[in-house]
Asks: 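Take a look at the following structure, please.
In what follows, chains carry the letters A, B, and so on, assigned in the order in which the sequence lines appear, proteins first and then strands, with residues in each chain numbered from 1. Basis for what follows: all heavy atoms, side chains included, without hydrogens, waters or symmetry-related copies.
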Number of protein chains: 2
Amino acid sequence: MNHSSNEPQREPIEPIRYLSKADAAAIETELLKDYRFGQQQLIEIWGHACAIAIAKAFPLGSLSKKQPTVLVVCGPEQNGSIGLVCARHLRIFEYEPTIFYPKRSSHSLHQDFTVQCEKMDIPFLSYLPTEVQLINDAYNLVIDAMLGPETDHTDVREPYAGILVTLKQIKIPIASVDVPSGWDADEANTDGISPEVLISLTAPKKCAASFPGKHYLAGRFLPYDIQKKYELNLPEYPGTDCLIEL
Amino acid sequence: MNHSSNEPQREPIEPIRYLSKADAAAIETELLKDYRFGQQQLIEIWGHACAIAIAKAFPLGSLSKKQPTVLVVCGPEQNGSIGLVCARHLRIFEYEPTIFYPKRSSHSLHQDFTVQCEKMDIPFLSYLPTEVQLINDAYNLVIDAMLGPETDHTDVREPYAGILVTLKQIKIPIASVDVPSGWDADEANTDGISPEVLISLTAPKKCAASFPGKHYLAGRFLPYDIQKKYELNLPEYPGTDCLIEL
């Protein structure tokens with residue numbers, strides 16, 4: 001290091017960067033193509049970190065229902081698989097997850113994650129009750145692993161549009177994975193669902209900049225060169241923790 | 001549950017089971033074939049848990065050398081890839097791993113894990129110094145991710161036979177992954193290398209039953225049905241921890 005004086009150098013503490021959809025996609029492409037990370041590997045890392053975030057935000061002992069039930073709503077793409085991995089780890093942490101996965105992916109990668117849950121006897125719902133009181137009564141919280149940053153929020157189709165209507169009405173807390181379903185990843189949202197907890201993966205997206213609830217950053221594995229290249233200014237994770245509250 | 005009386009039932013606490021090579025292989029086959037776990041996924045889970053075990057056994061603040069250097073010796077098969085993943089997470093935990101990986105696997109799965117380390121600027125040694133003092137001086141510890149339970153311990157070939165001779169002579173601690181290199185997984189060992197730390201993956205192997213050092217069980221993901229079927233009697237992991245000291 002070339003210091004121009006003998007003064008101690010102070011690292012200016014730059015604020016964390018909130019990523020645009022385009023930057024988030026560019027980072028993921030770089031991880032997969034240049035760094036040769038595998039999708040299976042990343043989904044496992046992210047899903048595991050989400051389960052730890054849920055256990056931190058909603059500890060077993062704090063749940064209001066007698067059974068530690070959790071409803072995990074999984075979408076058709078990568079976010080859905082992250083939800084499946086999250087559900088599997090929650091089961092290992094002694095929660096009782098139930099999965100609602102209305103349109104299953106035909107990719108074998110996603111199917112493998114589904115089988116892992118089925119073989120662990122995690123129940124799958126065949127439909128979501130439209131009577132919201134049934135959901136409020138049955139579960140302690142809902143994990144929203146439905147639509148990711150890649151979804152066009154102006155054109156949410158069925159069955160997801162209907163599920164969003166239901167999620168807007170429920171009274172139990174929602175924890176969203178990466179980007180709340182139905183939100184535009186690039187903008188603050190005012191009329192969508194209102195999660196109490198947001199689990200940003202790798203780096204927060206622009207829509208999270210003014211998020212009023214509990215906000216975790218999860219998935220600690222990003223190579224230092226990528227952190228620098230995209231000027232992420234990630235906070236320092238404590239010890240060996242894979243998540244941090246922002 | 002059918003209880004024959006109203007007496008409170010006490011779960012008898014059965015001792016943890018030490019697996020034979022054959023049972024360990026059968027469990028892995030079941031995970032891959034029936035549960036559809038992916039090798040990439042399992043290697044990531046195990047390697048991450050190993051890095052956390054190392055950080056627990058050798059915290060950054062406790063290291064005797066000025067730099068938090070760690071030498072990771074990786075074998076040609078799955079254990080070697082677990083070592084690569086462990087090295088990558090140790091780098092994220094702010095250790096300074098160096099990898100010695102004398103015979104690289106030609107499988108693209110293992111190559112991907114190698115590229116991930118190379119792209120994170122983790123140095124690879126081209127040879128292991130035969131002068132053990134050089135190793136003692138340069139590193140705080142050695143992680144032995146060389147030979148796994150699948151290796152015939154009566155027929156260890158070069159370069160691994162030579163590396164074992166070196167590892168027997170070094171004075172810095174060794175932490176072995178799953179089964180210490182050169183040991184028979186089915187038997188207690190008396191004349192092989194003497195690791196200070198053993199990180200058993202998923203369930204301990206027979207050779208670990210009388211292990212005198214620090215012994216961790218790492219990799220918490222095993223479906224309950226498999227735990228029951230093989231009568232593993234795994235201890236209860238605390239909270240969301242992925243490892244436990246036995």
Side-chain angles (χ1 to χ4, degrees), chain A residues 30-45 47-49 51-56 59-61 85 88-95 108-122 219-227 234 236-243, chain B residues 30-45 47-49 51-56 59-61 85 88-95 108-122 219-227 234 236-243:
Chain A
E30 199 160 326
L31 287 171
L32 295 169
K33 295 267 159 76
D34 299 345
Y35 283 80
R36 299 256 293 270
F37 278 91
Q39 275 189 294
Q40 191 185 63
Q41 184 183 12
L42 294 180
I43 290 169
E44 179 67 31
I45 292 173
H48 177 248
I52 292 181
I54 295 295
K56 200 156 189 179
L60 276 175
V85 173
R88 178 164 52 77
H89 284 287
L90 283 176
R91 184 72 202 86
I92 291 286
F93 298 157
E94 301 186 349
Y95 288 78
S108 74
L109 175 82
H110 300 301
Q111 287 177 346
D112 286 350
F113 288 117
T114 312
V115 174
Q116 291 164 24
C117 288
E118 289 174 337
K119 293 275 298 178
M120 279 189 64
D121 289 329
I122 298 174
R220 179 189 185 182
F221 72 95
L222 207 60
Y224 295 110
D225 281 354
I226 290 196
Q227 297 187 30
L234 297 183
E236 225 173 282
Y237 289 82
T240 58
D241 290 3
C242 67
L243 90 161
Chain B
E30 200 159 324
L31 287 172
L32 295 170
K33 295 266 159 75
D34 299 345
Y35 285 79
R36 299 255 293 269
F37 278 92
Q39 276 188 293
Q40 191 186 63
Q41 184 183 12
L42 294 180
I43 290 170
E44 180 67 30
I45 292 172
H48 177 247
I52 291 181
I54 295 295
K56 200 156 189 176
L60 276 174
V85 173
R88 179 165 51 79
H89 284 287
L90 284 176
R91 185 70 201 85
I92 292 286
F93 299 157
E94 301 188 346
Y95 288 77
S108 74
L109 176 82
H110 299 302
Q111 287 177 347
D112 286 350
F113 288 118
T114 313
V115 174
Q116 291 164 23
C117 288
E118 289 173 338
K119 293 274 298 177
M120 279 189 65
D121 289 331
I122 298 174
R220 178 188 185 184
F221 72 96
L222 209 61
Y224 295 110
D225 281 355
I226 290 196
Q227 297 186 31
L234 297 183
E236 224 172 284
Y237 289 83
T240 57
D241 289 4
C242 67
L243 89 162

Asks: Pick whichever of A:Cys117, A:Ala55, A:Gly38, A:Gly239 has the most heavy-atom pairs under 4.5 Å with chain B.
Replies: A:Gly38
Asks: When only pairs under 4.5 Å are counted, which of A:Gln116, A:Glu44, A:Met120, A:Lys119 shares the most heavy-atom pairs with chain B?
Replies: A:Gln116
Asks: Would you mind listing every salt bridge (charged side-chain N to carboxylate O under 4.0 Å, His left out) that reaches into residues 32-41 of chain A, with sequence neighbours excluded?
Replies: A:Arg36-B:Asp112
Asks: Chain B: which of A:Tyr224, A:Phe221, A:Phe113 shares the most heavy-atom pairs with it under 4.5 Å?
Replies: A:Tyr224
Asks: Which answer fits A:Gln111, side chain, backbone, both or neither, if we ask what part of it has an atom under 4.5 Å from a heavy atom of chain B?
Replies: both
Asks: Which residue out of B:His48, B:Arg91, B:His89 racks up the most heavy-atom pairs below 4.5 Å with chain A?
Replies: B:Arg91
Asks: Less than 4.5 Å apart, side chain to side chain, heavy atoms only: is that true for B:Ile52 and B:Asp241?
Replies: no
Asks: After noting the C-alpha distance and the side-chain angles of B:Leu32 and B:Leu42, does the key distance pass the side chain to side chain contact (heavy atoms under 4.5 Å, CB included) rule?
Replies: CA-CA 9 Å; B:Leu32 295 170; B:Leu42 294 180; 3.9 Å; yes
Asks: Where on B:Tyr237 is there a heavy atom nearer than 4.5 Å to chain A: the side chain, the backbone, both, or neither?
Replies: neither
Asks: For A:Ile226, which atoms come within 4.5 Å of any heavy atom of chain B: side chain, backbone, both, or neither?
Replies: neither
Asks: Is there a donor-acceptor contact under 3.5 Å from the side chain of A:Gln40 to the main chain of B:Gln41?
Replies: yes
Asks: Report the distance from atom OG1 of A:Thr240 to atom CD1 of B:Ile92, rounding to the nearest 0.5 Å.
Replies: 12.5 Å
Asks: Give the C-alpha distance, both sets of side-chain angles, the deciding distance and a yes or no for side chain to side chain contact (heavy atoms under 4.5 Å, CB included) between A:Asp121 and B:Asp225.
Replies: CA-CA 9 Å; A:Asp121 289 329; B:Asp225 281 355; 3.7 Å; yes
Asks: Tell me, side chain or backbone of B:Ile45 under 4.5 Å from chain A's heavy atoms, or both, or neither?
Replies: side chain
Asks: To the nearest 0.5 Å, how far apart are OH in B:Tyr95 and CD1 in B:Ile54?
Replies: 8.0 Å
Asks: Report which part of A:Arg88 has an atom under 4.5 Å of a heavy atom belonging to chain B: side chain, backbone, both, or neither.
Replies: side chain
